[in-house]
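Sharing a structure below in structure tokens format, with a few things to ask.
Positions are given from 1, in the same order as the sequence printed here.
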Amino acid sequence: MKFYTIKTPRIIKKLFSRYTWCFSSTKKEIYLTFDDGPIPVVTEFVLCQLKIHNAKATFFCIGDNIKKHPIVFNQILNEGHTIGNHTFNHLNGWKHSLKDYINNTKKAEEIIQKCNKEKIATKLFRPPYGKIKRSQATELINKGYKIIMWDVLSADFDKKIPKEKCLENVLKNINNGSIVVFHDSIKAKENLYYTLPKILEEFTRKGYVFKAIS
């Protein structure tokens, strides 16, 4: 059974207004984001597709994956994309204490600082699964983090939906300023490989610019 929404309801955005769900824009701008990497081959595929269309994006990286794959991580930075913290072990905030969650996020931050050759700092954060307690969010915001959520969920992680449905999820729900979630992960690979090139082609043709969150 599906326990997620493709288009984030306005009431949710209002209730959790401290988080960034989308950007208000009259311009044709889209913000693609990729969670759970860096992963060899999959993240590299994403980077290749972005380069073809001169598109920029934001990658919310898991600290442990950065530690395992620093070369791919630095490729993201070298190609002009931005990065965000996605905790060290992909923690579900609802299932962890404030202390454990903040420590895990700090551990990821330390890996980001250690592994990126350009020494580019980031204060972007996305909670895994979109699940975070109010106390955890408050602590991170007090530490200077921007909590980045999303306007459109591609659901590429859902192996029960056909790849055509994944494409439809994005095509039908994007607006100017939308933040869209994809996953550069093994689990999402089939849906991602089908959907991402088509999204880039279609919206480039329509005159949209793909921008990174800063």
Side-chain angles (χ1 to χ4, degrees), residues 20 23 25 27-90 104-128 140 143-150 154 156-157 170 177-204 208-214:
T20 300
F23 294 99
S25 179
K27 298 178 181 178
K28 289 186 172 183
E29 298 173 342
I30 296 171
Y31 296 82
L32 298 181
T33 64
F34 299 87
D35 290 3
D36 301 351
I39 299 292
V41 181
V42 183
T43 303
E44 291 164 315
F45 167 83
V46 171
L47 291 171
C48 179
Q49 294 301 311
L50 293 173
K51 184 179 286 187
I52 288 170
H53 296 279
N54 194 30
K56 299 304 177 188
T58 304
F59 292 76
F60 288 92
C61 300
I62 294 173
D64 194 40
N65 283 338
I66 296 172
K67 186 178 180 180
K68 292 173 182 173
H69 312 296
I71 293 175
V72 182
F73 174 65
N74 277 285
Q75 185 180 348
I76 293 170
L77 293 170
N78 292 340
E79 296 187 10
H81 306 290
T82 56
I83 53 171
N85 189 322
H86 202 45
T87 75
F88 188 83
N89 298 114
H90 203 260
N104 200 268
T105 301
K106 185 179 179 182
K107 188 176 180 181
E109 182 178 344
E110 289 169 353
I111 289 294
I112 288 170
Q113 292 174 348
K114 180 180 178 181
C115 290
N116 90 75
K117 294 178 180 178
E118 302 298 324
K119 300 304 176 189
I120 296 170
T122 180
K123 280 297 181 180
L124 303 178
F125 179 82
R126 173 172 286 158
L140 289 173
K143 289 179 179 296
Y145 277 98
K146 295 179 186 176
I147 298 179
I148 310 296
M149 302 300 262
W150 58 82
S154 69
D156 54 353
F157 58 84
V170 182
S178 280
I179 298 175
V180 185
V181 180
F182 286 103
H183 294 79
D184 51 334
S185 66
I186 299 298
K187 183 179 180 181
K189 181 179 175 181
E190 184 177 350
N191 284 337
L192 175 69
Y193 276 32
Y194 177 81
T195 303
L196 180 60
K198 291 176 172 56
I199 292 300
L200 288 165
E201 289 166 12
E202 177 67 9
F203 286 96
T204 298
Y208 279 81
V209 175
F210 295 92
K211 300 183 74 173
I213 301 170
S214 57

Restricting to ring-ring contact (aromatic ring centres under 6.0 Å, His included), what partner residues turn up for Phe59, sequence neighbours left out?
Phe34, His81

In chain order, what residues pass the side-chain hydrogen bond (donor to acceptor under 3.5 Å, both in side chains) check against Thr82, with sequence neighbours excluded?
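Scan of Thr82 (side-chain hydrogen bond (donor to acceptor under 3.5 Å, both in side chains), adjacent residues dropped) gives Thr58.
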
Less than 4.5 Å apart, side chain to side chain, heavy atoms only: is that true for Ile147 and Pro127?
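Yes. Closest side-chain heavy atoms under 4.5 Å.
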
Check whether Tyr194 forms a cation-pi arrangement with Lys198 (NZ or CZ under 6.0 Å from the six-membered ring centre, at most 45° off the ring normal).
yes

Minimum side-chain heavy-atom gap Ile179-Ile148 below 4.5 Å:
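The answer is yes; the side chains approach within 4.5 Å.
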
Name all residues meeting the ring-ring contact (aromatic ring centres under 6.0 Å, His included) criterion together with Phe45; count only those two or more places apart in sequence or in a different chain, and write none if there are none.
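Listed in chain order: Tyr193.
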
Asn116: what forms a side-chain hydrogen bond (donor to acceptor under 3.5 Å, both in side chains) with it, not counting sequence neighbours?
none

Do Thr87 and Phe125 have side-chain heavy atoms sitting under 4.5 Å apart?
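Yes - at least one pair of side-chain heavy atoms lies under 4.5 Å apart.
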
Pairs flagged by side chain to side chain donor-acceptor pair (under 3.5 Å) wherever residues 63-72 is involved - sequence neighbours left out:
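Residue pairs with at least one partner in residues 63-72: Asp64-Lys68.
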
For Ser185, the side-chain hydrogen bond (donor to acceptor under 3.5 Å, both in side chains) test, sequence neighbours excluded, returns none

Contact list for residues 44-61, test salt bridge (charged side-chain N to carboxylate O under 4.0 Å, His left out), sequence neighbours left out:
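For residues 44-61, and leaving out neighbouring residues, the salt bridge (charged side-chain N to carboxylate O under 4.0 Å, His left out) pairs sorted by first residue read Lys51-Glu79.
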
Inter-residue atom distance Ile213.CD1 - Lys146.NZ, 0.5 Å rounding:
9.0 Å

Taking atom CD of Glu110 and atom CZ of Phe88, what is their separation to the nearest 0.5 Å?
10.0 Å

ring-ring contact (aromatic ring centres under 6.0 Å, His included) filter on Tyr31, not counting sequence neighbours, yields Phe23

Spatial distance of atom CZ (Phe73) from atom CD1 (Ile66) [nearest 0.5 Å]
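If we round to the nearest 0.5 Å, Phe73:CZ and Ile66:CD1 are 4.0 Å apart.
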
Tell me, please, which residues at least two apart from Thr43 pass side-chain hydrogen bond (donor to acceptor under 3.5 Å, both in side chains).
Asp184

Residues two or more places apart in sequence or in another chain: which of them pass side-chain contact (heavy atoms from CB on, under 4.5 Å) with Glu202?
Leu171, Arg205, Lys206

Measuring only between side-chain heavy atoms, which start at C-beta, is Leu50 closer than 4.5 Å to Leu200?
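They are in contact (side-chain heavy atoms under 4.5 Å apart), so the answer is yes.
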
Would you give the length of the straight line joining atom CG of Asn85 to atom CD1 of Ile62, rounded to the nearest 0.5 angstrom?
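Asn85 atom CG to Ile62 atom CD1 measures 10.5 Å (nearest 0.5 Å).
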
Is the number of heavy atoms from other residues, nucleotides or ligands under 6.0 Å of Lys114 NZ greater than 12?
no

Who pairs with Asn54 by side-chain contact (heavy atoms from CB on, under 4.5 Å), at least two apart in sequence or on another chain?
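None.
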
Look at the side chain of Ser154 and the backbone N and O of Val181, then say whether any donor-acceptor pair between them is shorter than 3.5 Å.
yes

Enter the distance from Glu29:CD to Tyr208:OH here, rounded to the nearest 0.5 Å.
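One gets 10.5 Å once the value is rounded to the nearest 0.5 Å.
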
Under 4.5 Å between any side-chain heavy atoms of Leu32 and Ile30, yes or no?
yes

Is any side-chain N of the basic residue among Lys123 and Glu109 closer than 4.0 Å to the acidic one's carboxylate O?
yes

Enumerate the residue pairs fulfilling side chain to side chain donor-acceptor pair (under 3.5 Å) with a member in residues 32-42, sequence neighbours excluded, ordered by first and then second residue.
Thr33-Arg126, Asp35-Arg126, Asp36-His86, Asp36-His90

May I have the step-by-step check of side chain to side chain contact (heavy atoms under 4.5 Å, CB included) for Phe182 and Leu196, ending in yes or no?
CA-CA 8 Å; Phe182 286 103; Leu196 180 60; 4.3 Å; yes

Walk me through it: do Asp156 and Thr195 pass the test side chain to side chain contact (heavy atoms under 4.5 Å, CB included)?
CA-CA 8 Å; Asp156 54 353; Thr195 303; over 6 Å; no

Atom pair SG (Cys61) and CG (Leu124), whose distance is rounded to the nearest 0.5 Å:
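Cys61 atom SG to Leu124 atom CG measures 11.0 Å (nearest 0.5 Å).
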
